[in-house]
Amino acid sequence: MRKGARFLALLVVGLGLLTWAGQSIFTSKTRAWFDRDVELRDRLIVSTTQTQIVERLRTGDDRAIRDLLEAIIVDERIMAVAMCSDTGRTVAVSGPYPAAFGCSVLPSLKKMAGEIRDNGSYGLSTDLTGGPVHLGVYEIFEDDIHRGSVALLHDMSFVARRDRVMRNMLLVAFAILAVSAALVTLVAAQLSWRGFLRELRRVLRGGKAGPEFKPLLRDIRELAKTLAQETERDQGDLRWTPERLKRALKQHLEGERVIVVANRAPYIHEKRGAKIEVVHPASGLVTALEPVLRACSGVWVAHGSGSADRETADESGRIRVPPGDESYSLRRVWLSKEEEKGYYYGFANEGLWPLCHVAHTRPTFRAEDFAYYKQVNEKFAEAVVSEVDRDDPIVLVQDYHFALAPAMIRARLPKATILTFWHIPWPNAERFGICPWRQELVEGLLGSSIMGFHTQQHCNNFLESVDSFVESRIDRERNAVVQGARQSLVRPYPISIEWPVHWLDGMPSVADCKKEVFAQLGLKDDALLGVGVDRLDYTKGIEERLLAVERMLERFPKYIGRFTFVQIAAPSRTEIERYQALTETVERTVKRINERFGSGDYRPVILLREHHEPRSVYKFYRAARLCYVSSLHDGMNLVSKEFIAARDDLRGVLVLSRFTGAARELTEAVIVNPYDMDESSSALSFALDMPIEEQVERMRSMRALVSEFNIFRWAGRMLVDAAQLRRKDRIGGRLARAWPVGGTV
Ligand code: ADQ
């Protein structure tokens, strides 16, 4: 405490000295400015009265000269004026003209003046009369003959008054600054000291020190920049809601409906015996896009893959959704078994998916798969055309299943605004270059008005591929690809979830969710639960996650019998061998860990290998002490954001892989490298030991971010950017018509 007081005193003295030095410099500078102003004023007065002075000198009318001088001192800052003859005689004075500046002493005062002008005039700042004055002496000529001089005396005490006021203001400002700086520094020092002690204690306890769990500084800086830019662009109107999105669509794009093209439909009808059930698929794309369509209305064009999809739709494949609250149309596109195999399982998921993710699974490229891919893209482009009600519709093309569709839609609807979003990473050009159809894919995507990715890095990689594989000009300043008269903007739009999440409406309290989930899993009341929620996909790092749990139990045996990790894994792409192999490895690993650390009823890992409806997933999020997202590579990852949305009690810890797009935004998560078992097992134990206050602090901050950067903002930003582009294109079109290419203006 004493140290703090000494520091405070030093800071105040330092700033005091600074104030004094600053004020001295300020005073001398302002004096010079005032003197110059006064001289300018004098010259103006003399030049406007010179003719009259000369005339009156010529007639020898001293009284008339005095009248003239009296008129001059009407200016309140001019104390007195004297007219001296060329021999130094006083011709006339006005006001109480002091003898110290009389005509007879002017020659000696001239010697004290700093600068004498060519015509003999000069200015002098002095306080010969006890107060600060400025004397200006101006020589009067008639046809180059010297007639005398006019001496103007100014009262400069107002400068001293202003100086005093300024000095006081400076002192007060510096005092406030000094005290605030001292307080902020003291608080910061205290906090970092406490943080340092906490870290030290943790290291001594055996936990691994924190830096590895922390986000990269570059990411925080990047995030702060984005927040600042977004705030500036929004000018205070920060929160995007469904209503605001609807308004933006109407206002900026003169539209009310959008057409979404995506492989997966938001509602799938499945036969279960004699009953038909509606299933909400486990898909990040659907999670993100569905609230947008509910807000905007329009049509969602998707593959009709459910066993009861045909019988629930009309003869054109249309059905109104969401069931019970119909607000938009779902248009189902039917694919043959061969088309599904070649386009979906083949080129999209055995070719493009591993090509774009750095997860060490080799892509497989088959020419027949690509042929089906092309055919299905055509089919969807046709479906879009049959759904539009104008020649310039707004079409949102989604993901790597439809890289060729944008150019196909553009060919059919040249005026359409096509926004394509690539939900997975885009690799660097060298890696992308191994795809035999790299050029077709990039050209197909360039049919879009806007190409969106989650991160700037993916945008850069895409531009690099454009540069390497197609003829075009890249406008680096605007991040646009220009091909003749057409251009495509390439922009990062980090995706998110709706806020508030409608699945949480009427959700039981956290305590009740915990009771329900613990009963379902057969856990004791004091058990610590960790959760993982994913499609069973090798990019999600599920094997690595289980190994990290195993390593934690090995290194920190206090958790054996107490900690349980539940993995909710929706079967995905089960026709593909690599996915079948993954399922086997995961099941084998779970068995091994349970045999190694389980006993009696206690199972350290529970694998629920089935699809869960969203409300059930949210109950798990609410019941858990931690959520571990360990993706090896992930465009964004929405599970992390859903976990945050679920925790309105501000408890729970998110452990997040640094290889997700989300890690760039959720900097308060415990950030890890999922390949590093020591680091990730330490992170799990760190999360389980985290004090409640710290959990609350981190969760509050992440909730604030996700609530602002929600899915309505994601869609809104793209639509507003598209609207700008559309306006420019229209003006460009009009200009082209008015001034035909090659014509003269
Ligand atoms: P996905 O790879 O599908 O998305 P993610 O963003 O995590 O990954 O979304 C998964 C969604 O499926 C979540 O809404 C989750 O709740 C749900 N889900 C997962 N397992 C489930 C289960 N067993 N039962 C029911 N639901 C389950 C792709 C990209 C991501 C990107 C999204 C959106 O790979 O990087 O974040 O698109 O752009």
Side-chain angles (χ1 to χ4, degrees), residues 260 262-264 266 268 279-292 348-349 352-354 356-359 396-401 420-426 452-455 457-458 492-498 501-504 531-542 545 566-574 579 583 586 606-622 624 627-646 654 656-657 659-666 706 709-711 714-715 718:
V260 168
N263 172 70
R264 189 65 65 218
I268 300 176
V279 178
H280 303 92
S283 149
L285 182 155
V286 171
T287 304
L289 258 287
E290 210 272 337
V292 172
N349 285 316
L352 287 177
W353 178 267
C356 293
H357 288 93
V358 180
L396 311 184
V397 178
Q398 302 302 309
D399 227 355
Y400 63 101
H401 309 93
T420 302
F421 193 78
W422 195 260
H423 291 256
I424 62 176
W426 187 279
F453 296 92
H454 293 297
T455 67
Q457 179 66 51
H458 301 157
Y493 300 99
I495 210 163
S496 194
I497 55 171
E498 62 176 333
V501 176
H502 76 284
W503 300 113
L504 286 167
V531 67
V533 179
D534 310 79
R535 288 181 303 96
L536 203 35
D537 193 296
Y538 54 86
T539 59
K540 303 292 179 184
I542 299 170
R545 190 177 311 170
V566 60
Q567 176 63 50
I568 303 180
S572 182
R573 306 170 194 171
T574 44
Y579 286 78
T583 308
V586 166
I606 299 174
L607 175 66
L608 302 178
R609 201 168 63 76
E610 60 211 13
H611 176 77
H612 284 60
E613 280 300 292
R615 280 177 71 81
S616 159
V617 171
Y618 273 95
K619 283 184 187 164
F620 276 90
Y621 289 142
R622 281 162 81 76
C627 174
Y628 184 19
V629 173
S630 56
S631 309
L632 305 182
H633 201 190
D634 216 335
M636 174 56 68
N637 187 279
L638 294 184
V639 167
S640 51
K641 295 189 175 179
E642 290 172 351
F643 176 66
I644 290 164
L654 175 64
L656 179 62
S657 156
F659 307 121
T660 58
R664 287 165 194 256
E665 296 178 66
L666 304 176
V706 179
F709 284 71
N710 58 34
I711 190 63
W714 173 82
M718 277 209 279

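Each ligand, and each atom within it, is numbered from 1 in the order the structure gives.
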Looking at ligand 1, does any of its N/O atoms fall within less than 3.5 Å of an N/O of G635? yes
According to the interplanar angle, ranging from 0 to 90°, do the rings of H423 and W714 count as parallel (below 30°), tilted (30 to 60°) or perpendicular (above 60°)? tilted
Can you confirm whether V286 sits close enough to H280 that some side-chain heavy atom of one is under 4.5 Å from a side-chain heavy atom of the other? no
Name the option, out of V617, L638, L289, that contains the heavy atom nearest to atom 5 (P) of ligand 1. L638
Would you mind listing which atoms of ligand 1 come within a distance below 4.0 Å of any non-hydrogen atom of I495? 33 (C), 38 (O)
With heavy atoms and a 4.0 Å threshold, my read on which part of A288 contacts ligand 1 is neither
Ligand 1 to V639, heavy atom cutoff 4.0 Å, flagged ligand atoms 7 (O), 15 (C)
Report yes if H423 has an N/O atom closer than 3.5 Å to an N/O atom of ligand 1; otherwise report no. yes
Number the atoms of ligand 1 from 1 as they appear, then name those within less than 4.0 Å of a heavy atom of E642, with their elements. 13 (C), 14 (O), 15 (C), 16 (O)
N or O pair under 3.5 Å between G284 and ligand 1: yes
I need the contact type for T539 against ligand 1. Using non-hydrogen atoms and a strict under-4.0 Å cut-off, is it side chain, backbone, both or neither? neither
Between M718 and L396, is any pair of side-chain heavy atoms under 4.5 Å apart? no
Would one find an N or O of W353, backbone or side chain, under 3.5 Å from an N or O of ligand 1? no
Subset of ligand 1 atoms that lie under 4.0 Å from at least one heavy atom of H611: 24 (N), 25 (C)
Against heavy atoms of A570, which atoms of ligand 1 measure under 4.0 Å? 21 (C), 22 (C), 23 (N)
Can you tell me if E610 contacts ligand 1 (heavy atom of the residue under 4.0 Å from the ligand)? yes
Within the structure, is a non-hydrogen atom of H280 found at a distance of less than 4.0 Å from ligand 1? no
Hey, which atoms in ligand 1 end up nearer than 4.0 Å to a heavy atom of H454? 31 (C), 38 (O)
Any side-chain heavy atom of V629 within less than 4.5 Å of one from K540? no
Can you find a pair of side-chain heavy atoms, one from D534 and one from Q567, that are under 4.5 Å apart? yes
With a 4.0 Å cut-off on heavy atoms, does A569 reach ligand 1? yes
For a quick check under 3.5 Å, do R573 and Y579 share a side-chain donor-acceptor pair by atom type? yes
Got M636 and K641 here, is their nearest side-chain heavy-atom distance under 4.5 Å? yes
Once the angle between the rings of W422 and F453 is folded into 0 to 90°, is it parallel (under 30°), tilted (30 to 60°) or perpendicular (over 60°)? tilted
Mind telling me whether W353 and Y400 have parallel, tilted or perpendicular rings, with 30° and 60° as the class edges? tilted
Considering only heavy atoms from C-beta outward, does the side chain of R264 approach that of L285 to under 4.5 Å? no
Using a heavy-atom cut-off of under 4.0 Å, does the side chain or the backbone of T287 touch ligand 1, or both, or neither? side chain
